[in-house]
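This report concerns only the one structure given below.
Whatever order the structure lists them in is the order used to number ligands and atoms, beginning at 1.
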Amino acid sequence: MNIIKAHNLACPIDGARFEFHEKQLVCENGHVFDVARQGYVNLLPVQHKRTKQPGDSKEMVAARAKFLNSGLYEPIATKLAEISLLQITDTQVTGKWETCLMDAGCGEGYYFDYVFNYLKVKKGNSKLSFIGLDISKAAIAEAAKRNKQITWIVGTNRQPPVDGESVDIIVCVFGFQSFEGFNKILKPGGRVILVEPGPDHLKELREIIYTEVKKSDPQDLSCVEEMGFSVADSQRLKFKTGDISNEKIHDLLLMTPHFYRATKEGREAAANLQKLDLTVDVVFRTLKKSNDALIIDTAYSTCL
Ligand SMILES: C[S@@+](CC[C@H](N)C(=O)[O-])C[C@H]1O[C@@H](n2cnc3c(N)ncnc32)[C@H](O)[C@@H]1O
């Protein structure tokens with residue numbers, strides 16, 4: 001695989017093109033962004049932040065890295081990599097063109113690094129570039145340690161700092177979805193691969209931390225169909241983890257929104273568990289953007 005440095009980053013302030021200097025990105029209008037020591041770039045200007053430290057905290061990032069590195073969710077990563085391969089092959093006209101993949105809300109990079117390594121083996125001499133984006137600086141700082149060939153950026157899915165119609169495949173794994181942002185940066189015919197919890201996901205844990213457990217289906221996508229997306233593929237992956245330890249239960253809870261939604265009693269009950277056999281239930285849906293060129297709104301507002 002021929003890895004290309006992503007050259008389609010755009011200034012988050014005015015959308016202008018960047019010139020790459022060794023330790024800085026400088027836009028045509030003079031806005032300067034430093035490359036951090038770890039190799040990532042923070043393209044989240046203060047006017048795009050809704051809180052001082054948006055996104056996942058250092059503790060959540062550390063818990064997620066520990067849990068994912070144990071390999072318990074590897075079947076999800078494998079499935080995502082297989083679907084990504086299928087969609088790349090489908091979107092590539094000839095091996096001549098570069099294909100740009102982006103992980104929108106990549107967290108500490110486990111899944112995108114896995115996809116990268118899988119495609120490295122499977123895609124031979126294709127030209128690929130990879131952009132991992134997350135609003136959490138702590139998450140991107142971790143991700144940058146995992147893989148030096150992926151372009152890691154701190155930014156928001158609401159206004160990804162990437163040129164309009166320049167990305168072929170967006171993956172969004174349990175992430176914050178912004179179809180307006182995705183639509184802007186996707187090429188016509190591009191894909192969004194959504195990975196979301198299925199109805200039975202972690203049901204054994206939810207039965208412990210909540211007083212009432214609802215079976216919720218993944219969100220209805222009719223609104224995105226109105227934006228010109230169609231569902232091209234839908235798959236479900238369901239498996240049991242086998243008994244996992246108290247420490248892993250703690251890490252799992254901390255890396256999900258359940259930690260904050262659970263009742264105090266629920267969190268205490270989970271903390272007292274010695275082991276738990278969990279159902280993992282995940283839905284993968286691939287959306288295809290219409291091939292008709294859409295009008296791209298290039299006006300950059302302070303925040304969408
Ligand atoms: C549940 S985590 C999933 C992380 C990763 N995809 C994974 O599955 O390991 C959600 C991620 O979305 C990020 N996030 C939240 N709001 C965001 C936004 N507006 N733009 C980009 N990322 C965002 C959080 O910082 C967090 O890393």
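At a threshold of 4.0 Å, the pair Asp251-Arg64 does not count as salt-bridged, since none of the basic side-chain nitrogens sits closer than that to a carboxylate oxygen. One finds no salt bridge joining Arg285 and Asp233 here, because no Lys/Arg side-chain nitrogen approaches an Asp/Glu carboxylate oxygen to under 4.0 Å. Salt-bridge annotation for Glu180 and Arg158: absent, with no side-chain N of the basic residue lying under 4.0 Å from a carboxylate O of the acidic one. Salt-bridge formation is not detected for the pair Glu108/Lys145: no Lys NZ or Arg NE/NH1/NH2 atom is positioned less than 4.0 Å from an Asp or Glu carboxylate oxygen.
Sorted by chain and number, the heavy-atom contacts of ligand 1 below 4.0 Å come from Gly55, Asp56, Arg64, Leu68, Gly105, Cys106, Gly107, Tyr111, Leu133, Asp134, Ile135, Ser136, Gly155, Thr156, Asn157, Val173, Phe174, Phe176.
The ring-ring contact (aromatic ring centres under 6.0 Å, His included) analysis of residues 175-220, with sequence neighbours excluded, yields the pairs Phe174-His201, Phe179-Phe182, Tyr210-His258.
At a threshold of 4.5 Å between side-chain heavy atoms, the hydrophobic network of Ile, Leu, Val, Met, Phe, Trp and Tyr places Phe259 and Leu278 in one connected group.
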